[in-house]
Amino acid sequence: MSGRRPAPLVTGTVRPGWEGVRDAFARGQADDPGGAQLAVRHGGRTVVDLWTPGTGRFGYGAAPDVADGADGAGSAYGAGGGGDGADGADGAGVTGGEAFRADSVGVLMSVSKALVAVCAHLLIDRGVLDPDDPVARHWPEFAAAGKAETTVADLLAHRAGLPAYTDDPAGLPEALLLDPAARVRALAAMSPVWDPGKAFLYHALTYGDLVGEVVRRVSGESVGRFFAREVAGPLGLDLWIGLPEREEHRFVPQRAVRPDPTPGQVAQAVERTGLAPGDRLATSLRASSAELGRATASFGTRRGRAAEFPAAGGIGDARSLARLYAALVGPVDGVRLLSAATVDRARTPCTDHLPQPGVLHRLDGPDRSRFGLGFELPRPGTPLLGEGSFGHAGAGGRLGMAHPESGLSVGYVCTAMAWEPSAGPDPRWMPWTEAVRKAAGLGGG
């Protein structure tokens, strides 16, 4: 015996001419312990709708082993435990024993940021919000602590200088982190770590509350409710920012394939960048890591899944991601979300000319992050669908994206937290991404 796991059982349909995507999807998933869904739309119709339960190690929705979660190793959510002790039994109440199927839904992590961006761009398209508006025009409290000139575009492009909710390196305590109003108040009171608009750095969790609060101030409802009414409802999407209880039976948990770094390891990594331990930027990086870990752990509880964590807590399936992106670049059953001009503005590079803050600029290289207004743009580590495409990846390997000129849109959802961004593109993506491009006439292997 070779010891190699058998190729996963791929189920679903492909249209003629797209058969190579099915084979490529099987190759990409061959060593994946989790399940995955892949959906592709082209020219307004579904051409690929595939899924696999995985190789069986934990691809069947096994509930997290709480006993393994004390230090993050083996935890269901890769963030320091299998559940939230405050929720008691609910911490282990994730769907267990069910295969990852076509209608299963899972946490999207930072793919969620695109859902928030769509809400902002709907308001921009309607003329009630402008990217150049000072945030304080819509959210007056935000003007505090030197943020009066920060623009909506700064929020969308990760230029606001607010990568964490607090200057405490331990991050915002759980009780406050799970309170959306407390998170918003903390951001309004914070002074930026760098001069807004003069540098950029990924706002892993704060992005959702920064942009989401602007959406709330302009629309009058939370970003989750706005998304449900204005986007998911008209398109019939199984996508939520705050999972309804009636959909819990479809939820399949994600699981980490490697231990998360400890706070000490994070501190050492930050110090290796050249930042002094007491530097505000160093403190913010440590706080951001701690806050993201707590938020991610909360997704293992009903409370966390129901809460609106706009930057990372979206929940849905691949079909809905592909349908959402298709409606950004063309009509879907008579619904088009954004005008072509708004899409072009959203995918215009907004950070290519900027350094990362402080000494982090020394780490800039060809694979540094690239952002438009709320969306990621292609780079070697996240190539998306090539030049002109836009989208957003999520921790562990989730991915949603579109290529307006070709009419392609793609959704990929997985249960194994396997992608390691520092190592380059997720190996699971590459076979089917090339096959999709080839089938659509964009080239590829």
Side-chain angles (χ1 to χ4, degrees), residues 12 21 24-25 27-29 32 34-42 46-52 54 100 104-118 202 204 237-239 252 254 257 311-326 328-329 346-347 367 369-372 374-404 406 408-437 439-440 442 444:
V21 178
F25 179 58
R27 291 196 305 273
Q29 295 300 130
D32 187 12
Q37 302 163 335
L38 175 65
V40 182
R41 296 180 70 97
H42 185 233
T46 299
V47 294
V48 173
D49 183 14
L50 301 171
W51 64 96
T52 174
F100 195 57
S104 297
V105 297
V107 180
L108 302 176
M109 297 306 292
S110 284
V111 169
S112 311
K113 290 180 174 66
L115 279 56
V116 178
V118 168
Y202 194 52
L237 304 179
D238 287 336
L239 288 178
V252 175
Q254 60 188 6
V257 301
I315 292 175
D317 61 17
R319 289 172 176 168
S320 296
L321 282 175
R323 188 172 173 86
L324 169 67
Y325 274 95
L328 298 181
V329 301
R347 62 175 172 156
D367 196 33
S369 296
R370 301 181 65 225
F371 296 105
F375 296 96
E376 287 188 292
L377 304 180
R379 61 186 177 92
T382 312
L384 303 179
L385 291 166
E387 190 63 33
S389 63
F390 66 100
H392 218 293
R398 292 93 173 157
L399 189 61
M401 55 190 174
H403 187 270
S406 68
L408 276 173
S409 65
V410 178
Y412 174 78
V413 175
C414 54
T415 65
M417 297 277 283
W419 179 37
E420 179 51 64
S422 63
D426 192 324
R428 293 172 296 182
W429 300 339
M430 301 314 294
W432 58 256
T433 299
E434 293 179 4
V436 165
R437 287 176 49 82
L442 292 176

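Computed from a prediction, not measured in an experiment: that's the story for all the values here.
- Side-chain atoms of L408 and L442, non-hydrogen and from C-beta on, do get closer than 4.5 Å to each other.
- The two residues C414 and G396 make their nearest non-hydrogen contact at SG-O, 3.8 Å.
- Closest non-hydrogen pair, S112 versus G314, comes out as OG-N, 2.8 Å.
- Contact annotation: the side chain of R347 approaches that of P404 to within less than 4.5 Å [non-hydrogen atoms, C-beta and beyond].
- Rounding to the nearest 0.5 angstrom, the gap separating the CG atom in L328 from the CZ atom in F390 is 5.0 Å.
- Counting heavy atoms from C-beta on, the side chains of L108 and L239 come closer than 4.5 Å.
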Exercise. Could you go step by step and tell me if L115 and L324 meet the side-chain contact (heavy atoms from CB on, under 4.5 Å) rule?
Worked result: CA-CA 9 Å; L115 279 56; L324 169 67; 4.0 Å; yes
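- P431 and P427 get closest at one heavy-atom pair: CD-O, 3.2 Å.
- One distance of note links CZ of R319 with CG of L38; it measures 11.5 Å at 0.5 Å rounding.
- The closest side-chain heavy-atom distance from L384 to L399 is below 4.5 Å.
- Using bins of under 30°, 30° to 60° and over 60° for the plane-to-plane angle, the ring pair F25/Y412 lands in the perpendicular bin.
- In this structure a side-chain-to-backbone donor-acceptor pair under 3.5 Å is present from S389 to G386.
- Annotation for G34 and A416: closest pair N-CB, 3.8 Å, computed over non-hydrogen atoms.
- Proximity of a side-chain donor or acceptor of S409 to a complementary backbone N or O of Y325 within less than 3.5 Å is not detected.
- Contact annotation: the side chain of F100 approaches that of V413 to within less than 4.5 Å [non-hydrogen atoms, C-beta and beyond].
- Contact detail for G374 and A117: the closest heavy-atom pair is O-CB, 3.6 Å.
- Listed for the Q37 side chain is a donor-acceptor partner under 3.5 Å among the backbone atoms of S104.
- Residues V410 and L385 form a side-chain contact, since some pair of their non-hydrogen atoms from C-beta on lies under 4.5 Å apart.
- Atom OG1 of T433 sits about 11.5 Å away from atom CZ of R428, to the nearest 0.5 Å.
- Looking at K113, its side chain never comes within 3.5 Å of a backbone N or O of A393 through a donor-acceptor pair.
- At most 12 heavy atoms of other shown residues, nucleotides or ligands fall within 6.0 angstrom of atom CD in E387.
- Although no hydrogens or angles enter the test, the distance criterion places a donor-acceptor pair under 3.5 Å between the side chain of T415 and the main chain of G35.
- The aromatic rings of W429 and W419 lie tilted to each other, with the angle between the two planes from 30° to 60°.
- Using a 4.5 Å heavy-atom threshold, the side chains of S406 and R437 count as separate.
- Of the possible donor and acceptor atoms, one in the side chain of S320 sits under 3.5 Å from a partner among the backbone N and O of D238.
- Atom-to-atom distance recorded for H392:NE2 and R398:CZ is 14.0 Å, nearest 0.5 angstrom.
- To the nearest 0.5 Å, atom CZ of residue R379 and atom OG1 of residue T382 are 3.5 Å apart.
- In terms of heavy atoms, W51 sits closest to G12 at CZ3-CA, 3.6 Å.
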